[in-house]
Amino acid sequence: MNYTRFLTAASAARRPSPIRVLTELQQRSPPTLISLAGGAPNPDTFPFQSATIEVKNGPPITFNKTIMKRALQYSSSSGLPELLTWMKNLQKNLHNPPTISYTPENGQMDMCVTTGSQEGLCKVFEMLVNPGDNVLLDSPTYPGTLAALQPLGCNIINVPSDQHGMIPAALRKILSRWDPSEVHQPSSTAPRLLYTIPNGGNPTGASMTAQRKQEVYELARVYDMLIIEDDPYYFLQFDKPWAPTFLSMDVDGRIIRTDSFSKILSSGLRIGFLTGPKPLVDRVVLHIQASTMHTSTFTQLMVSELLHGWGQEGFLRHVDRVIEFYGKQRDAMISSANTWLKDVADWHTPTAGMFLWIKLKGIADTQQLIMKKALEKEVLLVPGGVFLINSGEPCPYVRAAFSLSTPEQMDEALQRLSALIREAM
């Protein structure tokens, strides 16, 4: 893989911060090293001394004075070493990426910690997307992705999808505009980047089958594209065994994967991970050095202590409890939808995630219905148009989340929605 051909000029121009390099060198050095190099504040001046954090399924996490000083100090831009080691072992056990992908010649697999997976996505787009580039993604899609991509001046090409995610035949038809033998030419306009949310997609709840992933991956090989596998709902798959990931199929080192702890540990801690070929992960770290410098040391250390205390088995048991909760929430929403919406709307039961994507019958565009009339009836959903590449395009869909509301609240909300649809029809 020639990764340099994928980089934007701005990304290629980035160089390591000499101060950040010294900071990380100091942290890896023996305690006998005397450093007059760093500009870090003295932790003895901080007002926080210690902390004890109660945990539902495990012993308390205690930060004594020594640990607290570390938790409140600058740290490596790539992430705490012990947290990264734990996560690399988890990735290997869950995805078992083909070893051919990670030889020194074509870029060993590496990881870095990001401030939520959203930061990882923004840094990847800054690294890879030039003005005028053609970028492929399945639409409708997560508005945060559109917010990060659209200001970069790229051409976003919608690949049709259904309840099973991106449709390989549709992708093949789009790519047929370009000659695979010419994609490496500097003048080629062929897409070099494909973005997808493969499990429990936001907003559709769609999950790609293993066969579709394999077909999409093979097309990426033919046209020499990178795939961004944005998978924040990977740990919210309701049925086992979980679907194999793009990372598990990656024989070339062309997958950049983002993971998030927001849905299973805490959204406020802002802990995400980026996995991919080392040359690209190293460059993302350069982008982090120039912006946030690093994810909060305190929250990284807090999560690391939790994960090391649980071990992988304990972590996966926690994930199972989370899945059980959201599975019951999903079932409650589907039951209410069957009661109130079966004559006025269509939907597919999601196998992952937090969302039900509902198509309203006889309603060409849901914007006014949801943002005006539904609010008057005290029910709030998201009109489908905000998830489209062209947000002004009419859309008959709405997104309903089953994550926070009680079953009783969901039932009442869908009853109100049913009345609104019938009134509009």
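Because the structure is a prediction, the values reported are computed rather than measured.
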Pair [X]-[Y], side-chain donor/acceptor within less than 3.5 Å:
{"X": "Thr196", "Y": "Asp138", "value": "yes"}
{"X": "Trp178", "Y": "Ser188", "value": "no"}
{"X": "Arg399", "Y": "Asn202", "value": "yes"}
{"X": "Asn93", "Y": "Gln312", "value": "yes"}
{"X": "Ser76", "Y": "Ser78", "value": "yes"}
{"X": "Ser77", "Y": "His294", "value": "no"}
{"X": "Asp259", "Y": "Tyr234", "value": "no"}
{"X": "Gln49", "Y": "Asn64", "value": "no"}
{"X": "Thr189", "Y": "Arg177", "value": "no"}
{"X": "Glu119", "Y": "Thr292", "value": "yes"}
{"X": "His287", "Y": "Ser291", "value": "no"}
{"X": "Ser117", "Y": "Thr258", "value": "no"}
{"X": "Tyr397", "Y": "Thr366", "value": "no"}

Looking at [X] and [Y], would you say the former's side chain and the latter's main chain have a donor-acceptor pair under 3.5 Å?
{"X": "Asp110", "Y": "Val281", "result": "no"}
{"X": "Lys92", "Y": "Pro97", "result": "no"}
{"X": "Thr299", "Y": "Ser296", "result": "yes"}
{"X": "Gln73", "Y": "Pro41", "result": "yes"}
{"X": "Thr8", "Y": "Glu126", "result": "yes"}
{"X": "Ser260", "Y": "Pro232", "result": "no"}
{"X": "Ser304", "Y": "Leu301", "result": "no"}
{"X": "Ser248", "Y": "Thr245", "result": "yes"}
{"X": "Gln150", "Y": "Ile389", "result": "yes"}

Give me each pair satisfying salt bridge (charged side-chain N to carboxylate O under 4.0 Å, His left out) with a member in residues 140-157, each pair once, sequence neighbours excluded.
none
Which salt bridge (charged side-chain N to carboxylate O under 4.0 Å, His left out) pairs, counting each pair once, include a residue from residues 282-306, with sequence neighbours left out?
Lys278-Asp282
With a 4.5 Å limit on heavy-atom distance, are the side chains of [X] and [Y] in contact?
{"X": "Gln237", "Y": "Ile323", "value": "no"}
{"X": "Met333", "Y": "Leu414", "value": "yes"}
{"X": "Val159", "Y": "Leu137", "value": "no"}
{"X": "Glu215", "Y": "Arg172", "value": "yes"}
{"X": "Met208", "Y": "Val216", "value": "yes"}
{"X": "Tyr195", "Y": "Leu149", "value": "no"}
{"X": "Cys154", "Y": "Asn130", "value": "no"}
{"X": "Ile228", "Y": "Leu194", "value": "no"}

I need the single residue from Leu128, Val129, Val135 that forms a side chain to side chain contact (heavy atoms under 4.5 Å, CB included) with Leu152. Which is it?
Val129
Any salt bridge linking Asp162 with Arg212? Criterion: basic side-chain nitrogen under 4.0 Å from a carboxylate oxygen.
yes
Whether Arg192 and Asp224 form a salt bridge (side-chain N of Lys/Arg under 4.0 Å from carboxylate O of Asp/Glu) is what I want to check.
no
Are there over 12 heavy-atom neighbours, none belonging to [X], within less than 6.0 Å of that residue's [atom1]?
{"X": "Phe48", "atom1": "CZ", "value": "no"}
{"X": "Lys359", "atom1": "NZ", "value": "no"}
{"X": "Gln211", "atom1": "CD", "value": "no"}

Is it possible for you to check whether [X] lies under 6.0 Å from the centre of the six-membered ring of [Y], through NZ or CZ, and within 45° of that ring's axis?
{"X": "Lys240", "Y": "Trp242", "answer": "yes"}
{"X": "Arg330", "Y": "Phe402", "answer": "no"}
{"X": "Lys263", "Y": "Tyr233", "answer": "yes"}

Can the ring centroids of Tyr326 and Phe235 be said to lie less than 6.0 angstrom from one another?
no
Between Trp310 and His318, does the ring centre distance come in under 6.0 Å?
yes
With sequence neighbours excluded, what pairs up with Glu82 under the side-chain hydrogen bond (donor to acceptor under 3.5 Å, both in side chains) test?
Arg70
Set of side-chain hydrogen bond (donor to acceptor under 3.5 Å, both in side chains) partners for Tyr142, sequence neighbours left out
Gln118
Begin from the C-alpha positions of Thr275 and Gln91 and carry the test side-chain hydrogen bond (donor to acceptor under 3.5 Å, both in side chains) through to its verdict.
CA-CA 9 Å; Thr275 307; Gln91 294 291 65; 3.0 Å; yes
Got a sec, which pairs hit ring-ring contact (aromatic ring centres under 6.0 Å, His included) with one end in residues 49-69, sequence neighbours left out?
Phe63-Phe298
Please list, chain by chain and in numerical order, all residues satisfying ring-ring contact (aromatic ring centres under 6.0 Å, His included) with Trp347, sequence neighbours excluded.
none
Evaluate side chain to side chain contact (heavy atoms under 4.5 Å, CB included) for Leu388 paired with Cys395, printing each intermediate quantity in order.
CA-CA 8 Å; Leu388 301 180; Cys395 181; 3.9 Å; yes
Nearest atoms (heavy-atom pairs only) where [X] meets [Y]:
{"X": "Trp357", "Y": "Pro140", "answer": "CZ2-CG, 3.6 Å"}
{"X": "Met127", "Y": "Ser11", "answer": "CG-OG, 3.3 Å"}
{"X": "Leu226", "Y": "Ile256", "answer": "CD1-CD1, 4.4 Å"}
{"X": "Ser50", "Y": "Met68", "answer": "C-CE, 3.4 Å"}

Could you go step by step and tell me if Asp230 and Arg257 meet the salt bridge (Lys or Arg N to Asp or Glu O under 4.0 Å) rule?
CA-CA 6 Å; Asp230 184 16; Arg257 177 180 171 84; over 6 Å; no
Might you work through the side-chain hydrogen bond (donor to acceptor under 3.5 Å, both in side chains) test for Thr114 and Arg270, ending with a clear yes or no?
CA-CA 8 Å; Thr114 58; Arg270 308 309 299 136; over 6 Å; no
Decide yes or no on side-chain hydrogen bond (donor to acceptor under 3.5 Å, both in side chains) for Ser75 and Thr297, but give the supporting numbers first.
CA-CA 6 Å; Ser75 58; Thr297 312; 2.8 Å; yes
